[in-house]
Structure formats: structure tokens, C-alpha cells
Amino acid sequence: QVALVESGGGSVQAGGSLRLSCAASGGAVSTYTIGWFRQAPGKEREFVVAIRWSGTATAYEDSVKGRFTISRDNAKNTVYLQMNSLKPEDTAVYYCAGAFFGSVSVTARDYKYWGQGTQVTVSS
């Protein structure tokens, strides 16, 4: 059974940075596509960014392009989300999700495994 555990959330002021980690265990997780999604209070879960297992394909939601960077270390079975220039509208619970498919997907239902989430709060 694949398990995903997020860490690195916290509270920062606008303009600050955080780095989230998604540690994976169980199964051939180094071959999985990993995505980050977020959900703000009263809103639906939305796609943020995803990376293919090889790291050769990524997808970013428009509002985070140029500010967020996803990377992965397959030797550590860990995916990182570096978030810079954070804005109050980035406040949400961030979830990492994994699935085995050949590319990247922006659709939550395509991902089979989910972490428990980590809170990111950005104050103005």
C-alpha cells in the first residue's frame, strides 16, 4: 500500500517562502506521477502542480507559474514543492497525490493515493 506524507506547511507573511515535502513509501513510488492540490475553506480542491516520475514532464496551474517549483528526488522517494512570493490567496491545505500513469494529470480523480494534507497560511 502506497502512503504519502506531507510536511513543511506553516504560516508566513506575504512574499515569504515555504518548501513542502511529500514523502512516499510502499510500492514503486519512484515510478509514480506526483501532483500537489490545494483546498481553501469553502472552495473545491484545485490542481497546483504535478511532475512525472522521470521529472521530464511537469504541469503548473497558471497562478503559481514563476513562483512555485516542483522537483523530486527518487532516491529519497520525496517530491518537493518550493513556494516563493507567497500570496494570501495561496492559503489552503495542500495535498500531495500519486498515481501510476505515463504523463501528468491536472485532474484529482486520476490520482489514486493521497496524503493527509498540510496547512499553508499566508498573511497580508
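Values in this document were obtained by computation on a predicted structure and should not be read as measured data. Index from 1, following the sequence.
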Checking Val79 against Ile70 for the side chain to side chain contact (heavy atoms under 4.5 Å, CB included) test, could you report, in this order, the C-alpha distance in whole Å, the side-chain angles of both residues, the deciding distance, and whether it holds? CA-CA 7 Å; Val79 172; Ile70 191 170; 3.7 Å; yes
Partner set under salt bridge (charged side-chain N to carboxylate O under 4.0 Å, His left out) for Arg52, not counting sequence neighbours: none
Look only at the side chain of Tyr111 and the backbone of Phe100, and say whether a donor-acceptor pair between them is shorter than 3.5 Å. no
Closest heavy-atom pair and its distance - Ala92, Ala40: CB-N, 3.8 Å
Can the ring centroids of Phe37 and Tyr95 be said to lie less than 6.0 angstrom from one another? no
Whether Thr33 side chain and Val104 backbone form a donor-acceptor pair below 3.5 Å: no
Taking all non-hydrogen atoms of both residues, which atom of Tyr113 and which atom of Gln1 are closest, and how far apart? CE2-NE2, 3.6 Å
Do Ser17 and Gln82 touch side chain to side chain, with heavy atoms closer than 4.5 Å? yes
Should the heavy atoms of other residues, nucleotides or ligands under 6.0 Å from CD of Gln13 be counted, would the total exceed 12? no
Exercise: identify the closest heavy-atom pair between Ala14 and Pro88: CB-CD, 4.1 Å
In sequence, state the C-alpha distance, the side-chain angles, and the governing distance for Ile34 and Trp53, and then conclude on side chain to side chain contact (heavy atoms under 4.5 Å, CB included). CA-CA 7 Å; Ile34 298 292; Trp53 68 270; over 6 Å; no
Side chain to side chain contact (heavy atoms under 4.5 Å, CB included) assessment of Leu86 paired with Phe68: CA-CA 9 Å; Leu86 283 162; Phe68 290 12; 3.8 Å; yes
Is there side-chain contact between Leu20 and Trp36, with heavy atoms separated by less than 4.5 Å? yes
Listed by chain and number, what are the salt bridge (charged side-chain N to carboxylate O under 4.0 Å, His left out) partners of Lys43, not counting sequence neighbours? none
Find the distance between CD1 (Ile51) and SG (Cys22) and round it off to the nearest 0.5 Å. 11.5 Å
Distance-only, no hydrogens or angles: does the Thr56 side chain make a donor-acceptor pair with backbone N or O of Ser54 under 3.5 Å? no
Donor-acceptor under 3.5 Å (Glu6 side chain, Gly117 main chain): yes
Single-linkage hydrophobic cluster Val122~Val49, side-chain heavy atoms < 4.5 angstrom: yes
Using side-chain contact (heavy atoms from CB on, under 4.5 Å) as the criterion, point out the one residue from Asp90, Val48, Val12, Val120 that pairs with Met83. Val120
Under the side-chain contact (heavy atoms from CB on, under 4.5 Å) test, which residues partner Ser63, sequence neighbours left out? Arg38, Glu61
Mind listing the closest non-hydrogen atom pair of Tyr94 and Leu81 along with its distance? CD2-CD2, 4.4 Å
With sequence neighbours excluded, give me every salt bridge (Lys or Arg N to Asp or Glu O under 4.0 Å) pair touching residues 102-124. none
So for atom CH2, which belongs to Trp114, do other residues, nucleotides or ligands contribute more than 12 heavy atoms lying within a distance under 6.0 Å? yes
Hydrophobic clustering (ILVMFWY, side-chain heavy atoms < 4.5 Å, transitive) - are Val64 and Tyr80 grouped together? no
Sequence-distant partners of Val5, side-chain contact (heavy atoms from CB on, under 4.5 Å), two or more places apart: Gln116
Contacts of type salt bridge (charged side-chain N to carboxylate O under 4.0 Å, His left out), residue Arg45, not counting sequence neighbours: none
Heavy-atom side-chain proximity of Val2 to Tyr32 below 4.5 angstrom: yes
